[in-house]
Amino acid sequence: MFSATDHAFMARALHLAQHGLYTTTPNPRVGCVLVRDGRIVGEGWHKKAGEAHAEVNAIHAAGDSARGATAYVTLEPCAHFGRTPPCIDALRAAGVARVVAAMQDPNPLVAGKGLAELGASSIDVSSGLMETEARELNIGFVSRMTRGRPWLRLKVAASLDGKTALNNGTSQWITGADARRDAHAWRARSCAILTGIGTVRDDDPRLTVRDVETTRQPLRVVVDSRLDLPLTAKLLDGGNVLIAAAVHDEEKTAALGRRGAEVVVVPGAHGKVDLPALLLELGQRGINEVLGEAGFKLNGSLMREGCVDELLIYQAPILLGDAARGMFDLPELTELSGKKELDLRELRRIGNDLRFLARFR
């Protein structure tokens with residue numbers, strides 16, 4: 001159905017889409033290439049929500065050369081009015097003859113309508129070219145559109161014997177500088193960073209992106225059931241913080257508000273925060289990808305409640321011993337049939353550490 005040439009031009013569109021890795025949230029990352037007579041005549045990518053979409057940028061770059069061209073776009077062109085007009089109107093007006101989409105848009109406002117309307121306008125349309133790659137690029141957006149909640153990637157830095165901190169809570173630094181810099185790139189692509197009150201107490205982190213260049217900082221989310229967060233916590237500097245609590249406390253909520261933090265109450269069982277409900281709340285706020293950076297207790301709770309989609313584990317060639325804290329606070333297994341199985345997606349050496357990317361089966 002698709003030629004080698006089609007694959008090459010879609011690969012270029014996917015490469016362009018990656019330019020928006022840190023900037024497009026809550027929108028998807030999209031790239032577009034316009035080709036006529038075997039030559040690229042225009043290309044573009046979506047840079048930021050509220051600004052022109054990839055197709056429009058490519059059309060502007062192509063000018064009159066867009067007439068009769070093929071548009072390779074990594075996501076189905078939109079068919080609805082949002083912050084910008086429908087991209088299908090721009091493609092029709094430009095006289096594009098063929099549209100190849102990597103995947104259909106999971107947004108219910110589009111969901112095949114864009115391609116159908118283009119086809120009804122006598123434009124040759126098709127989809128599914130390099131769909132896996134396109135879906136991976138927007139895995140959080142797909143999650144939010146189809147499940148109503150963001151994709152949760154849990155990041156853990158551990159020793160070779162699976163320990164994340166000493167028994168007294170000390171954890172800085174287990175991995176090397178290269179691994180920490182790499183982790184900042186994962187922070188930068190995330191819409192939110194999720195941590196717990198225990199990590200704030202032990203490490204007093206800022207949870208900001210510092211080691212890679214970015215034009216925005218993710219929302220910082222703290223799971224703090226009893227609103228124990230100190231008003232002097234470093235992560236409160238600069239605002240853009242959401243505190244998830246299980247109790248109402250008007251005085252503490254007002255004090256946190258003066259520090260630029262918002263409190264949302266999502267009570268669960270036993271006085272804890274309802275973690276699945278928190279993810280739904282984040283989904284309603286347009287959060288696509290969440291990077292969890294917490295301690296073994298919250299990590300275990302997220303695992304037990306089925307909130308974790310992916311593990312990002314950095315493992316250092318050191319040993320911390322049995323008394324140190326593990327990765328996840330999970331109940332004891334008495335039979336191996338209860339084990340959690342994962343598919344290893346990637347294994348890479350980062351400096352002197354190893355980086356694993358794995359998903360639950």
List the atom pairs, donor and acceptor, that lie under 3.5 Å between side-chain atoms in residues 292-306 and the rest of the protein, sequence neighbours left out.
residue: E293; atom: OE1; partner: R187; partner atom: NH2; Å: 3.0
residue: E293; atom: OE2; partner: R187; partner atom: NE; Å: 2.8
residue: N299; atom: ND2; partner: G295; partner atom: O; Å: 3.3
residue: N299; atom: ND2; partner: M327; partner atom: O; Å: 3.2
residue: S301; atom: OG; partner: K297; partner atom: O; Å: 3.2
residue: S301; atom: OG; partner: R304; partner atom: NH2; Å: 3.1
residue: R304; atom: NH1; partner: D329; partner atom: O; Å: 2.4

Solution key, residues 262-274 side-chain donor-acceptor pairs under 3.5 Å, sequence neighbours excluded:
residue: E262; atom: OE1; partner: R285; partner atom: NH1; Å: 3.0
residue: E262; atom: OE2; partner: R285; partner atom: NH2; Å: 2.8
residue: D274; atom: OD1; partner: A277; partner atom: N; Å: 3.1

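Between R355 and D178 there is no salt bridge, since no side-chain N of the basic residue sits under 4.0 Å from a carboxylate O of the acidic one. Salt bridge D161/K163: absent, no basic N to carboxylate O contact under 4.0 Å. Salt-bridge check for D228 with R201: passed, with a basic side-chain N closer than 4.0 Å to an acidic carboxylate O. Under a 4.0 Å N-O distance rule, the pair D343/R359 does not qualify as a salt bridge. With salt bridges taken as basic N to acidic carboxylate O contacts below 4.0 Å, none links E117 and K113.
Summarising the geometry, atom CG belonging to N27 is positioned 14.5 Å from atom NZ belonging to K47; distances are rounded to the nearest 0.5 Å. One distance of note links CG of L207 with CG of L291; it measures 9.0 Å at 0.5 Å rounding. Atom-to-atom distance recorded for L312:CG and R345:CZ is 13.5 Å, nearest 0.5 angstrom.
Tested against E55 for a side-chain contact (heavy atoms from CB on, under 4.5 Å), the candidates V73, V96, V99 yield a single pass: V73.
For the pair K48 and T215, the minimum side-chain heavy-atom distance is 4.5 Å or more. At least one side-chain heavy atom of Y314 sits under 4.5 Å from a side-chain heavy atom of K155.
Ring-plane geometry between H53 and H46 is classed as perpendicular, the angle between the planes exceeding 60 degrees on a 0 to 90 degree scale with a lower cut at 30. Ring geometry, F2 versus H7: the interplanar angle exceeds 60°, so the pair is classed perpendicular (tilted spans 30 to 60°).
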message: Walk me through whether L75 and M103 qualify under side-chain contact (heavy atoms from CB on, under 4.5 Å).
response: CA-CA 5 Å; L75 186 68; M103 61 177 287; 3.7 Å; yes

query: Yes or no on side-chain contact (heavy atoms from CB on, under 4.5 Å) for L282 and L242, after CA distance, side-chain angles and deciding distance?
result: CA-CA 10 Å; L282 293 177; L242 182 69; 3.8 Å; yes

message: Determine whether R180 and T175 satisfy the following criterion, side-chain contact (heavy atoms from CB on, under 4.5 Å), listing intermediate values before the conclusion.
response: CA-CA 7 Å; R180 296 197 298 273; T175 53; 3.8 Å; yes

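Residue pairs meeting the salt bridge (charged side-chain N to carboxylate O under 4.0 Å, His left out) criterion with at least one member in residues 5-17, sequence neighbours excluded, are D6-R98, R12-E43. Listed by first and then second residue, the side-chain hydrogen bond (donor to acceptor under 3.5 Å, both in side chains) pairs that reach into residues 57-71 come to none, sequence neighbours excluded.
In terms of the salt bridge (charged side-chain N to carboxylate O under 4.0 Å, His left out) criterion, residue partners of D237 (sequence neighbours excluded) are, by chain and number, R259. Scanning for salt bridge (charged side-chain N to carboxylate O under 4.0 Å, His left out) contacts around E133 gives an empty result, with sequence neighbours left out. Every residue two or more places apart in sequence or in another chain that forms a side chain to side chain contact (heavy atoms under 4.5 Å, CB included) with L354 is listed here: L347, R349, F356. Residues passing the side chain to side chain contact (heavy atoms under 4.5 Å, CB included) test with D203, sequence neighbours excluded: S171, Q172, T199, P205. Residues passing the side chain to side chain contact (heavy atoms under 4.5 Å, CB included) test with K252 are L227, L231, D249, L256, sequence neighbours excluded. For L336, the side chain to side chain contact (heavy atoms under 4.5 Å, CB included) criterion is met by no residue, not counting sequence neighbours.
By the 4.5 Å side-chain criterion applied to Ile, Leu, Val, Met, Phe, Trp and Tyr, W151 is assigned to a cluster that also includes I139. Alongside I318, the hydrophobic cluster contains L166, I174, L320 (criterion: ILVMFWY side chains under 4.5 Å).
A donor-acceptor contact shorter than 3.5 Å links the side chain of E76 to the backbone of D105.
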